[in-house]
Amino acid sequence: MNISTEEIRAHIDTPLFRMISQTADELQMECYLIGGYVRDFFLFRPSNDIDVVAIGKGTVLATAIARKLGKEAHLTLFKNFGTAQIKYKEYEIEFVGARKESYRSDSRKPIVEDGTLEDDQRRRDFTINAMAFCLNSERFGELLDPFGGMQDLEDLIIRTPLDPDITFSDDPLRMMRAVRFATQLGFDIYPDSFDAIDRNKERISIVSMERITEEMNKIILSPKPSVGFILLEKTGLLEILFPELTALKGVETKEGVGHKDNFYHTLSVLDNIARETDDLWLRWSALLHDIAKPVTKRWDPKLGWTFHNHNFIGAKMIPHLFRRMKLPQNEKMKYVQKLVSLHMRPMQLVEDEVTDSAVRRLLFDAGDDIDHLMTLCEADITSKNPVKVRRFVSNFKILRRKLREIEEKDRVRNFQPPVDGNEIMTLFGLPECREVGVLKTAIKDAILDGIIPNEHDDAYRYMLVLAEEMGLKPVKEG
Ligand code: ATP
C-alpha cells in the first residue's frame, strides 16, 4: 500500500487531533494514535473509536484535553489502571500511558510497568493492531510500524508481533480475537500463529465466558460467519467452547444411505441468514436450529436416518447453552427457543397442502416473529439440487402470500381468544378448572380451523353449545 506521510497527515489533520497534538506538545509528552483507528484508516473503515498512547501519564494528557474541550467532553479516569476515557460528540477516545507487560501463568492480568512506545506496541495482539501515528507536531502523521503491520494488511494476514506462543499464552483471549479479526476482515491467520493457537487452546479456560462470548457474537455478526466457526473448529477451540456444535460434524452411512453433514449445513444456513439480517438473535437461531440433531439421530430401516423432534429437543437445550455461554436468560433466549422449535413448520407446510387452517395455526404460534421464522426457513434451504431449490422458493412465495392474505382477513397473528377464561368462569360460576381450559382451547381451535369467525358473539354461541354438551349450565343468562 503506497500511502505517504502527507496522506496520513491530511487525513488526521482535524481540529480534534490538532488539539491533542498541541496539548501533548505543551506537556512535552510524546503521543501517538494506535491500534484499531490506525488499522481502520488503512482499510478505509472510518472509525470514531480512538486509542491514544502517551509516553508518560495518559491520565494527565486526558485531563488537559478534556479541560480544553469544555462542557461537551465527559472525562472518566480509571485511576487503578492509569487509563482515561473522553466521550466527546460522536468520539470515544481512550488514553493510556505506554507500558510494558509481563504475565503470570494463571491470569490474563499482567504486571504492568511504564515503557517505551515499542514496549507498548509489543504488548499488542496483532501486527495490524500495533501500528501507530505520531501526533506531536514535529512528526505529525509519521507511521511507526516496527512489526510489519502494513505488509500484513496488504497480504491480508493476522500475525502476532512476538512469538505467538508467548502472545497467546499470556492472554488466551487473543486466540478468539485472531479468529474474530480473520472473520470480520476476511484475512488468513498466519500459519505460525495458527499452529500456536492449536498448541495453546487449553489456556482459553482462564478467560471469562463473557469475553469469549463477546468475540463469538462478533464472529456471528460478521459478513460470512462460517469462516470463524471453521477456524474455531480447525484450531480445536470449538470443541472446548461449544462441543454441541462440533457434534454436528460428520456423515454416517448405513445400507448405502448417508445424511448430510449437519455442521457444514448449519454454517451454510448461518451464512445465508447473514446475507438477509444483522439481527444477532436471528443469527443465533440459525446457528442453533439443528443443535439437537446428534442427540436425536436414529436409523430406521424403513425411513432411513431420522432426527425426530430435534426442533423441540433443540429448544429445550437452549437455556442450558445460554447459561453456560453467559448469554441473556430473557426474552432474547425465548425468541431463539421459539424459532428453533418452529423452524420446520413452514417447510412442512409447503410440502403438504397449504390449507388456510394450517396457515392460521402457524401465524398464531409464531405471532410477531413470523417474518423472522420465514427468513430462517428460507436460509435453511441449502440443497445443491437446483430443481428442488426452485420448487421450495416458489412454494415459499405462495406461503408468504397466503400468510399475508389470512392475516389481513382473520387477524390471528396476535389474537387473544374473544371469549376468555374469566367470562366462562363467571357465566357458569366455575373456579379455574379443567372444563374452563377445554372450552378455551375449543374456541381457539374452532377459530384457527375456520369453523367460526374471530368474533366475540360467534365464539360465545359456539361455547354455549359445547358447554351444554358438557352438562354445564349458566348461573345467569348471558
Ligand atoms: P474493534 O473495535 O473492532 O474491537 P479494535 O482493534 O479497536 O477493534 P479494541 O478491543 O477496541 O479493538 O482494542 C483496541 C486496541 O487495543 C487493539 O487494536 C489492540 O492494539 C489492543 N488490544 C485490545 N485487546 C487486546 C488484547 N487482548 N491483547 C493485546 N492487545 C489488545
Side-chain angles (χ1 to χ4, degrees), residues 32-54 58 78 81-87 90-103 107-112 115 117-133 143-150 152-153 157-187 189 193 196-197 200 203-204 206-208 210-223 225 228 237 278 280:
Y32 300 87
L33 277 174
I34 196 160
Y37 185 89
V38 175
R39 178 198 67 219
D40 288 344
F41 161 74
F42 290 117
L43 292 172
F44 306 101
R45 301 194 325 170
S47 166
N48 293 328
D49 289 344
I50 299 165
D51 287 295
V52 173
V53 61
F78 303 96
F81 297 98
T83 63
Q85 183 195 60
I86 295 179
K87 287 197 176 159
E90 65 273 35
Y91 301 104
E92 233 179 80
I93 320 168
E94 310 282 339
F95 293 82
V96 293
R99 59 202 212 192
K100 197 173 171 170
E101 291 182 346
S102 48
Y103 286 81
S107 164
R108 288 186 58 223
K109 293 197 182 67
I111 301 159
V112 176
L117 172 69
E118 198 160 321
D119 287 329
D120 198 279
Q121 287 173 301
R122 202 172 311 194
R123 74 172 180 89
R124 305 265 158 184
D125 47 5
F126 306 113
T127 58
I128 60 167
N129 287 344
M131 294 183 282
F133 292 152
L143 170 67
L144 293 113
D145 178 20
F147 302 108
M150 195 64 180
D152 286 346
L153 266 188
I157 278 175
I158 305 293
R159 183 211 312 248
T160 59
L162 303 180
D163 175 346
D165 280 304
I166 296 174
T167 300
F168 291 137
S169 172
D170 279 353
D171 176 1
L173 179 68
R174 294 168 182 161
M175 299 189 281
M176 287 300 291
R177 285 174 60 90
V179 174
R180 187 258 286 189
F181 282 117
T183 316
Q184 280 182 329
L185 304 176
F187 281 25
I189 301 177
S193 301
I197 297 182
N200 288 281
R203 286 195 49 76
I204 198 71
I206 67 164
V207 181
S208 76
E210 285 86 349
R211 299 304 300 272
I212 293 170
T213 297
E214 206 179 306
E215 295 300 328
M216 200 172 284
N217 282 342
K218 288 183 180 175
I219 293 170
I220 293 174
L221 286 172
S222 298
L237 283 168
D278 288 331
L280 176 65

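For the single chain, residues carry numbers from 1 onward in sequence order. One-based numbering, in listed order, for ligands and for the atoms of each. Note that these values count all heavy atoms, side chains included, but never hydrogens, waters or copies made by symmetry.
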Matching residue for Phe133 among Val38, Asp145, Ile34 - test: side-chain contact (heavy atoms from CB on, under 4.5 Å):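 So the option named by the test is Val38.
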
Which residue and heavy atom of the protein sit nearest [atom], plus the separation:
atom	value
atom 10 (O) of ligand 1	Arg177 NH1, 3.1 Å
atom 19 (C) of ligand 1	Asp125 OD1, 3.6 Å
atom 28 (N) of ligand 1	Arg174 NE, 2.7 Å
atom 14 (C) of ligand 1	Asp51 OD2, 3.4 Å
atom 18 (O) of ligand 1	Gly36 N, 3.1 Å
atom 8 (O) of ligand 1	Arg39 NH2, 3.3 Å
atom 21 (C) of ligand 1	Arg124 NH1, 3.4 Å

Which heavy atom of [X] sits nearest to which heavy atom of [Y], and what is that distance?
X	Y	answer
Thr160	Ser193	N-OG, 3.5 Å
Met131	Met150	SD-N, 3.5 Å
Asp125	Thr167	O-CG2, 3.9 Å

Pair Arg159-Thr127, side-chain donor/acceptor within less than 3.5 Å: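 Short answer, no.
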
Mode of Asp171 contact toward ligand 1 - side chain, backbone, both, neither (heavy atoms, under 4.0 Å): side chain

For ligand 1, the portion of Phe168 having any non-hydrogen atom under 4.0 Å away: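 Phe168 to ligand 1: no contact under 4.0 Å from either part.
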
Element-labelled atoms of ligand 1 that are located less than 4.0 Å from some non-hydrogen atom of Phe181: 6 (O), 8 (O)

Atoms in ligand 1 flagged as close to Lys218, the criterion being non-hydrogen separation under 4.0 Å: 4 (O)

Between the main-chain N or O of [Y] and the side-chain N or O of [X], is there a donor-acceptor pair closer than 3.5 Å?
X	Y	result
Ser222	Ile219	yes
Arg203	Ser169	yes
Gln121	Ala130	yes
Arg211	Leu173	no

Backbone or side-chain N or O of Asp49 under 3.5 Å from ligand 1 N or O: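 Checking ligand 1 against Asp49, no N or O pair falls under 3.5 Å apart.
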
From Arg123, Arg180, Gln184, Met175 - option closest to atom 1 (P) of ligand 1 by heavy atom: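 Considering heavy atoms of Arg123, Arg180, Gln184, Met175, the nearest to atom 1 (P) of ligand 1 sits in Arg180.
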
